[in-house]
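All values below come from the heavy atoms of this structure, side chains included, with hydrogens, waters and symmetry mates left out. Each residue takes its place number in the sequence, starting with 1. In this text the structure is predicted, and so the values were computed from the model without any measurement.
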Amino acid sequence: MTDVFSAFCCPACGAAAIRLTAADLTCASCQREFPSLSGVLCLFEDPAAVMTLWRQGLHRLNQVLTAARDGLGGELRRFDVLPLTRQRLERLAQGFEMHRRTANELLGDAGLSVDIDQPEADLEHGQASLLEHYDLVLRDWAWDTRENQRALEAVLAALGGARKPKRVAVLGAGGCRLAYDLHQAINPEFTVGLDNNPLLLLLAQRILFTGRATAYDFPLVPRSVDFAAKQYDLERPGDLPEGLHLLLADGLRPPFVPGAFDLIVTPWFIDVVGEDIREQIATNHRLLADGGVWLNHGPLIHGDSQLARMRYGSEEVLELVRLGGFEVQHASSESRAHLVNDGSGHARLEEIHTFCAQKRSLAAHDDGEDTPAWLVLPHLPVPMFAGLEVFKRTSREAPPGTPAALPAIQRVLALIDGECCLAQIADVLLTEELVPKGFAARDAAGALLLSVYRTSRALSAR
């Protein structure tokens, strides 16, 4: 049986020497300690700083829910309120207060309590609310719909019955229902459900390992007064999930050793994280063992903050996955209702994309394209392409001050060895202060590589 801690590495120094001490993890290399919050390990580079942000988020949550409750009190004092409306507003006010208390109790038990009477600094710009994606917990454990079953069926169909992965990671696990259902269905040695939202993961921890938790629902369009603010008792539908571990960590930079997993699942993840999917492709390829599988399930609703060139459609995603060192073995899409709640008159129709891709080697090769794959995906090795040796010889003979003799060009030429990738070359240029002013390191390295590549091809064609 493989120990799940063998998959972890230190998010601070990158060492694989992580050891369990009591309920916490300690890095044997840099001695940094990583706490456990109500049984959920917290593996961020600076856990104390992240926990401070979470406390700020909890303070803001208290402010928002208290203001909402007090605002309803003003409405209830009006003389022109229908009895039925008064009943709905009273339910909402009580629900907001109970929701606030439940969140404080849950996070307080994990060591994240706040004094709401003390002033708290504003949330940092761009910091997500603790309530972001809270409705996914309700979808996972409260609403009586077939969404969870359909998701599991789609994932199992894409995976194929012949595959029996032993080590599984679910990145962006959220409320963890899919992580739980998949873990119970395929029975691996271990599954790690990772997310960066403590409210979602601590709720999931209670449901999965104590069997019960409480949550409140406030539909946008309640079908009746009874649904305006509804309390749900959330229960695990089956057996205790032996081997399922929840982890608070950064899904964009997961604290795992290379080759740690046989299967990585990204449910409703790759389009909402605010990072170019090319980075996720590189991360997943690194974390998968040889022959391992990446399984994605969800829509492509890219965040508004993402650049236009990062808002990839499904065809572009699959092409990038293929170029990035994967063989796509299954790809399907289906229009499906999402967040369907019997108590609400509001739901969404989403195009759900599911693909399964197996890791293959990243052998360097010159594909002959004007913009080659190793420039598009910065984790691919840069090959010894045609004309390179001629370019190197020519550049050594170039007079000082000419482009071919520039220090940055010379350094790039020295780094092209069939193994080094664009990202590594960019890191070297940045460390050695060879990045031209006004350029990002990867943009500079990419522009220099493209110039070398095109010039070399022209020289080889003579």
Task: Residue pair Y180, T191: steps toward the side chain to side chain contact (heavy atoms under 4.5 Å, CB included) verdict - done: CA-CA 9 Å; Y180 171 77; T191 296; over 6 Å; no
Task: Stepwise side chain to side chain contact (heavy atoms under 4.5 Å, CB included) check, I207 with D140 - done: CA-CA 11 Å; I207 297 165; D140 282 2; over 6 Å; no
- [ ] Please lay out, stage by stage, how D233 and T214 fare under the test side chain to side chain contact (heavy atoms under 4.5 Å, CB included).
- [x] CA-CA 5 Å; D233 292 324; T214 299; 3.8 Å; yes
Open item on the list: What verdict does the side chain to side chain contact (heavy atoms under 4.5 Å, CB included) test give for W268 and H297, after you've listed the backbone C-alpha separation in whole Å, the side-chain angles of each residue and the deciding distance to 0.1 Å?
Closed with: CA-CA 6 Å; W268 298 73; H297 178 74; 4.0 Å; yes
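Applying the side chain to side chain donor-acceptor pair (under 3.5 Å) rule to pairs touching residues 244-262 yields R167-D262, R253-E275, sequence neighbours excluded. Counting only residues at least two apart or in different chains, salt bridge (Lys or Arg N to Asp or Glu O under 4.0 Å) contacts with residues 425-441 comprise R411-E432. Sorted by first and then second residue, the pairs that involve residues 87-114 and meet ring-ring contact (aromatic ring centres under 6.0 Å, His included), not counting sequence neighbours, are F96-F218, H99-Y134, H99-F218.
No donor-acceptor pair closer than 3.5 Å links the side chain of R177 to the backbone N or O of W141. A distance-only check finds no donor-acceptor pair linking the side chain of R91 to the backbone of F227 [under 3.5 Å]. In this structure a side-chain-to-backbone donor-acceptor pair under 3.5 Å is missing from R278 to L320. Panel note: side chain H285, backbone S361; no donor-acceptor pair is recorded below 3.5 Å. Judged by distance alone, the side chain of R223 and the main-chain N or O of D342 form a donor-acceptor pair under 3.5 Å. Put simply, the side chain of H379 gets close to the backbone of G324: a donor and an acceptor are under 3.5 Å apart. Panel note: side chain E147, backbone V340; a donor-acceptor pair is recorded below 3.5 Å.
A pairwise comparison of heavy atoms in A110 and L202 identifies CB-CD1, 3.7 Å as the closest pair.
Annotation: side chain to side chain donor-acceptor pair (under 3.5 Å) contacts of N104 (sequence neighbours excluded): N62. For N197, the side chain to side chain donor-acceptor pair (under 3.5 Å) criterion is met by no residue, not counting sequence neighbours. Remark: R336 engages E334 in a salt bridge (Lys or Arg N to Asp or Glu O under 4.0 Å) (not counting sequence neighbours). In this structure, the salt bridge (Lys or Arg N to Asp or Glu O under 4.0 Å) partners of E235, at least two apart in sequence or on a different chain, are R212. The salt bridge (Lys or Arg N to Asp or Glu O under 4.0 Å) check on R77 picks up nothing, with sequence neighbours excluded. Applying the ring pair (Phe, Tyr, Trp, His ring centres under 6.0 Å) test to F261 and every residue at least two apart in sequence or in another chain returns F256. Partners of D109 by salt bridge (Lys or Arg N to Asp or Glu O under 4.0 Å), not counting sequence neighbours, listed by chain and number: R206. Annotation: side chain to side chain donor-acceptor pair (under 3.5 Å) contacts of E351 (sequence neighbours excluded): S333, S335. F5 is linked by a ring pair (Phe, Tyr, Trp, His ring centres under 6.0 Å) to F8, counting only residues two or more places apart in sequence or in another chain.
Here the side chains of L263 and I186 are in contact, with some heavy-atom distance below 4.5 Å. Contact of the L339 side chain with the L136 side chain is registered, since non-hydrogen atoms from C-beta on lie closer than 4.5 Å. D46 is not listed as a side-chain neighbour of V50, based on a closest heavy-atom distance of 4.5 Å or more.
In this model, no donor atom of one side chain and acceptor atom of the other lie less than 3.5 Å apart for E90 and Q94. A side-chain N or O of Y312 and one of D276 form a donor-acceptor pair less than 3.5 Å apart. In this model, a donor atom of one side chain and an acceptor atom of the other lie less than 3.5 Å apart for D217 and N341.
The aromatic rings of F355 and W294 lie perpendicular to each other, with more than 60° between the two planes, well past the 30° mark.
Note: L295 CG to C356 SG = 4.5 Å, rounded to the nearest 0.5 Å.
Using a 4.0 Å cut-off between charged side-chain N and carboxylate O, E97 and R69 make a salt bridge.
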